[in-house]
Protein chains: 2
Amino acid sequence: MQLDEIDKKLLRLLQEDAKQTSKELSHKLALSVTAVYERVRKLENSGVISRYVALLNKQKIAKDFMVLCHVKLTQHKKEYIQQFEREVMDLQEVTECFHVSGDYDYILKICVRDMEDYRHFMLSKLTSLQHIASTHSSFMIAEVKNTLTILV
Amino acid sequence: MQLDEIDKKLLRLLQEDAKQTSKELSHKLALSVTAVYERVRKLENSGVISRYVALLNKQKIAKDFMVLCHVKLTQHKKEYIQQFEREVMDLQEVTECFHVSGDYDYILKICVRDMEDYRHFMLSKLTSLQHIASTHSSFMIAEVKNTLTILV
DNA sequence: TCAATAAACCAAATTATATTCAGATGGAAG
DNA sequence: CTTCCATCTGAATATAATTTGGTTTATTGA
């Protein structure tokens, strides 16, 4: 789908606050409510906008102890990779998991309550996964930037 | 704020799809529309729900070449840290930046179009930041998991 | 040049949803 | 037992989403 400057501005606005009404958006974009509505629908139908979600304050729910964990597998067999990825999908503490090039195979972002919970997660969940050769945990001192807004 | 099981289920639902109507939610939670509405408002006012956003499909907008870049600073002086973090905030390609413990000081997630754009980003933006001692890029082979849903 | 066409626009009407209101219910504390 | 408070309910109202009908604008090909 071809995006013009109005679409791009609309996407920026919706990525920051999806609860704005079409009327508010229409003012910011200098368009009518209907025009905004049709642009949004088009962006949704074409798949550019994939979905709308609520974001939680991790501190308020005590899940703000975060760790980036580097994982190396024993072998790069397709079977091992698939099994590891399937198992990681089911770990609710793992909010992100990236298969990467370089010294390690995977980088995981883990959100738990505190160090004690992380220890428990490591011992009883992560290291019980199959085919892991080694792990290396980097504790998060600060979440300097975490924007979901991608500037088109 | 104290969360009961209904609140937790509600948060799960809204983290997956924030466009559900109160009526739909009321069915899933076996409550009245008003009861759902008041719970949501409470979660918003207390700050548990921080905001609502639209998510984009990175492939559709050609920003699906992702890199995790490890950065080490020359010194851990407060001034250097602050300057680095301020500068990173302004780089639109950097969607996440974590200050971490360990061998490196920062881990950045970068979203661009392709390798050429990444090269340009590295040469003309990242490495021109002050006080960087070294960087190490891990290219993303696959985004195995990237959920925004935190299970409360 | 100038109709034909399609895309994008607008205002108004309609439909659906969000929000408020006025009680009802059900513990918990005195 | 009764008061209080939190939570709930259905109905009423306010607001927003969505549809409708028609206009403008840009493009294109005869």
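Here the structure is a predicted model, which means the values were calculated and not measured. Just the heavy atoms: all of them, side chains too, but no hydrogens, waters or symmetry mates, feed the values below. Below, chain A is the first sequence line, B the second, and so on; all start at residue 1.
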Trainee: Quick one: sort the B/Tyr118 and B/Phe65 rings into parallel, tilted or perpendicular, breaks at 30° and 60°.
Mentor: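 If you compare the ring of B/Tyr118 with that of B/Phe65, the planes turn out tilted.
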Trainee: Below 4.0 angstrom, N of the basic side chain to O of the carboxylate: do B/Arg119 and B/Glu116 qualify?
Mentor: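 No, this pair does not count.
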Trainee: Which whole-number value in Å describes the distance from A/Asp4 CG to D/dT25 P?
Mentor: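 In whole Å, D/dT25 P and A/Asp4 CG are 17 Å from each other.
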Trainee: Which whole-number value in Å describes the distance from B/Leu10 CG to D/dT7 C1'?
Mentor: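 Distance, rounded to whole Å: 15 Å.
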Trainee: To the nearest Å, how far apart are A/Gln2 CD and D/dA26 P?
Mentor: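 Answer to the nearest Å: 18 Å.
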Trainee: For residues 47-62 of chain B, pull every pair meeting side-chain hydrogen bond (donor to acceptor under 3.5 Å, both in side chains), keeping only residues two or more places apart or in separate chains.
Mentor: B/Glu44-B/Tyr52
Trainee: Round to a whole Å and report the spacing from CG of A/Leu31 to P of D/dT25.
Mentor: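 To the nearest whole Å, that distance equals 14 Å.
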Trainee: What is the distance, rounded to the nearest whole Å, between atom CG of A/Leu25 and atom P of D/dT15?
Mentor: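 About 18 Å, once rounded to whole Å.
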Trainee: Specify the residues of residues 43-52 of chain A, ordered by number, for which at least one heavy atom lies under 4.0 angstrom from an atom of DNA chain C.
Mentor: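 Heavy-atom cutoff 4.0 Å gives no residues at all.
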Trainee: Over 60° means perpendicular and under 30° means parallel, so classify the ring planes of B/His70 and A/His70, tilted if in between.
Mentor: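 A/His70 vs B/His70 ring planes: tilted.
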Trainee: Does NE2 belonging to B/His120 count more than 12 external heavy atoms closer than 6.0 Å?
Mentor: no
Trainee: Check B/Arg39 with B/Asp7, please: is the shortest side-chain N to carboxylate O separation under 4.0 Å?
Mentor: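 Salt bridge flag = yes for B/Arg39 with B/Asp7.
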Trainee: Could you check B/Lys63 against B/Asp117 for salt bridge (Lys or Arg N to Asp or Glu O under 4.0 Å), going step by step and ending with a plain yes or no?
Mentor: CA-CA 10 Å; B/Lys63 297 283 181 190; B/Asp117 275 12; 5.4 Å; no
Trainee: Whole Å only: how far is the CZ atom of B/Arg39 from the P atom of D/dT7?
Mentor: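 That distance rounds to 7 Å.
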Trainee: Going 5' to 3' through nucleotides 14-28 of chain C, assign each nucleotide B (protein heavy atom under 4.0 Å from a base atom), S (under 4.0 Å only from sugar-phosphate atoms) or - (no protein heavy atom that close).
Mentor: ---SSBBB-------
Trainee: How many Å lie between CD1 on B/Ile6 and P on D/dA6, as a whole number?
Mentor: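 Spelled out: CD1 on B/Ile6 to P on D/dA6 is 17 Å.
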Trainee: Tell me whether B/Lys23 at atom NZ has more than 12 heavy atoms from other residues, nucleotides or ligands lying less than 6.0 Å away.
Mentor: no
Trainee: In whole Å, what is the span from the CG atom of B/Leu29 to the P atom of D/dT7?
Mentor: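 My rounded result for the distance is 15 Å.
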Trainee: Testing the basics here: between B/Gln20 and B/Leu14, what is the closest heavy-atom pair and its distance to 0.1 Å?
Mentor: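 Distance-wise, the nearest heavy atoms are NE2-N, 4.5 Å.
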